[in-house]
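Both ligands and their constituent atoms are indexed starting at 1 by order of listing. Counting from 1, the numbers follow the sequence of the chain as shown.
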Amino acid sequence: MAPQKSPDNDRIEAAKRKAAYRAGEEHFDSSMRFVGIGSGSTIVYGVEAIKEHLKKNPPPPNHMNWFVPTGWNSRKVIEEAGLLPIAFDSLPREAMIEVCFDGADEVDEELNCIKGGGACLFQEKLVACRSKKFVCIADYRKQQKRLLTNWPSIPIEVAPIARASVLRELKLLGSPDAKLREHSVAKSGPIQTDQSFYIIDAPFKTLLSPLDVKNGSDGSGKDGQWDVEALAARIKMISGVLEVGLFHGMNGDEAQAAGLQGGQKPVAVYFGMEDGEVSVSRAEEIKK
Ligand SMILES: O=C(CO)[C@H](O)[C@H](O)COP(=O)(O)O
């Protein structure tokens, strides 16, 4: 049976679309060579916005716009829109992706994000880190003061053979209810990522932000209270973990100013709001 449409759903979808078009207007142009495309339901509107833009503003003669997917589903969205996909590992060695557009599961006031609700975090992070800027598109439900406020857990991609030992370590870090993500319908067994790995969803107490730590809070995990950066680093140290769905640290602008390439954090997040407006949080306007 097809899912029922509710006014709430319509409002959420309208909010996603509005945010996507605004993000596209401000960050995409037809002269770009490589553009990253994330995964999930929101990015579908991002691709729609790009397609519309290209219809009205075709690229210069002989210029190709290539779109870098972050997984199987994202590649399908690119292809169905009639755009040209290029695999991440086919990018010319020196090339940077000009911009990548992606969604998020939750975003805090400092633009740290939880990602991986759709099990694509590894390739999403690869693409974000190879992009001059990551532009995030989301709806009002994702905007929170701190991470793990509304979204319940951190997605972590793990090697199948390591699932039990990673779960045990996560318990020691303060997440006794961490669970292997399983199919909910149609099929039983663990969900597999595009790398044929598994996903563990690990709930923790609401996370402190780097600014909280700068202001004297202890986010080192004592009493189970972590800050974003300390927890991401600690989880990444567990043997068997491929990637953690916390996008934090530098954004692309900051990374390039430091002589590095891209960063994991968005330079801007476009939130489609309930009232039909778009609220934009820009990294350059955030108090450090
Ligand atoms: O990280 C992701 C997939 O792994 C998505 O960007 C995130 O889950 C948001 O998805 P949606 O746009 O459907 O809410």
**Q.** Working for side chain to side chain donor-acceptor pair (under 3.5 Å), residues Ser39 and Thr70
**A.** CA-CA 6 Å; Ser39 324; Thr70 48; 2.8 Å; yes
How does [X] reach ligand 1, if at all, at less than 4.0 Å between non-hydrogen atoms: by side chain, backbone, both, or neither?
{"X": "Asp139", "answer": "neither"}
{"X": "Pro155", "answer": "neither"}
{"X": "Ala104", "answer": "backbone"}
{"X": "Glu124", "answer": "side chain"}

Q. For ligand 1, which atoms sit closer than 4.0 Å to a heavy atom of Gly103?
A.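 Here the atoms of ligand 1 in question are 6 (O).
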Q: Enumerate the atoms of ligand 1 whose separation from the nearest heavy atom of Asp102 is less than 4.0 angstrom.
A: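 Answer for ligand 1: 6 (O).
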So which heavy atom in the protein is nearest [atom], and how far is it from that ligand atom?
{"atom": "atom 10 (O) of ligand 1", "value": "Gly40 CA, 4.0 Å"}
{"atom": "atom 12 (O) of ligand 1", "value": "Thr42 OG1, 2.5 Å"}
{"atom": "atom 13 (O) of ligand 1", "value": "Ser41 OG, 2.6 Å"}

May I ask you to check whether [X] has an N/O atom sitting below 3.5 Å from an N/O atom of ligand 1?
{"X": "Ile43", "result": "no"}
{"X": "Lys16", "result": "no"}
{"X": "Gly116", "result": "yes"}

Q. Which atom pair, heavy atoms only, marks the closest approach of Cys136 to Val107?
A.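 Here Cys136 and Val107 meet closest at SG-CG2, 4.4 Å.
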Q) Near Ile161 CD1, under 6.0 Å, is it more than 12 heavy atoms from other residues, nucleotides or ligands? A)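 Check fails, neighbour count at 12 or below.
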Consider only side-chain N and O atoms of [X] and [Y], and report whether a donor and an acceptor are under 3.5 Å apart.
{"X": "Glu13", "Y": "Tyr45", "value": "yes"}
{"X": "Gln143", "Y": "Glu106", "value": "no"}
{"X": "Gln261", "Y": "Gln256", "value": "no"}

(Q) Does the structure place the NZ or CZ of Arg130 under 6.0 Å from the centre of the six-membered ring of Phe88, at an angle of no more than 45° from the ring's axis? (A)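 The answer is yes, since Arg130 meets both limits relative to Phe88.
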**Q.** Contact with ligand 1 for Gly38, non-hydrogen, under 4.0 angstrom
**A.**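 In this structure, Gly38 fails to qualify as a contact of ligand 1 - no heavy atom is under 4.0 Å.
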Q) Is it true that Lys142 lies under 4.0 Å from ligand 1, counting heavy atoms only? A)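 Yes, that is the case, since the closest heavy atom of the residue is under 4.0 Å from the ligand.
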Q) Between Ser39, Gly71, Gly117, Ala138, which one has a non-hydrogen atom sitting closest to atom 5 (C) of ligand 1? A)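 Answer by nearest heavy atom: Ser39.
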Q.
On a heavy-atom basis, I'd like to know which of Ile114, Asp105, Val44, Ile12 is closest to atom 8 (O) of ligand 1.
A.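 Selected option, by shortest heavy-atom distance: Asp105.
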Q: Before accepting this row, confirm whether a basic side-chain N of the pair Lys265/Glu254 lies closer than 4.0 Å to the acidic partner's carboxylate O.
A: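 Not counted as a salt bridge, because no side-chain N and carboxylate O are separated by less than 4.0 Å.
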**Q.** Intermediate values then yes/no, side chain to side chain contact (heavy atoms under 4.5 Å, CB included), Trp226 and Lys205
**A.** CA-CA 8 Å; Trp226 290 93; Lys205 280 188 192 166; over 6 Å; no
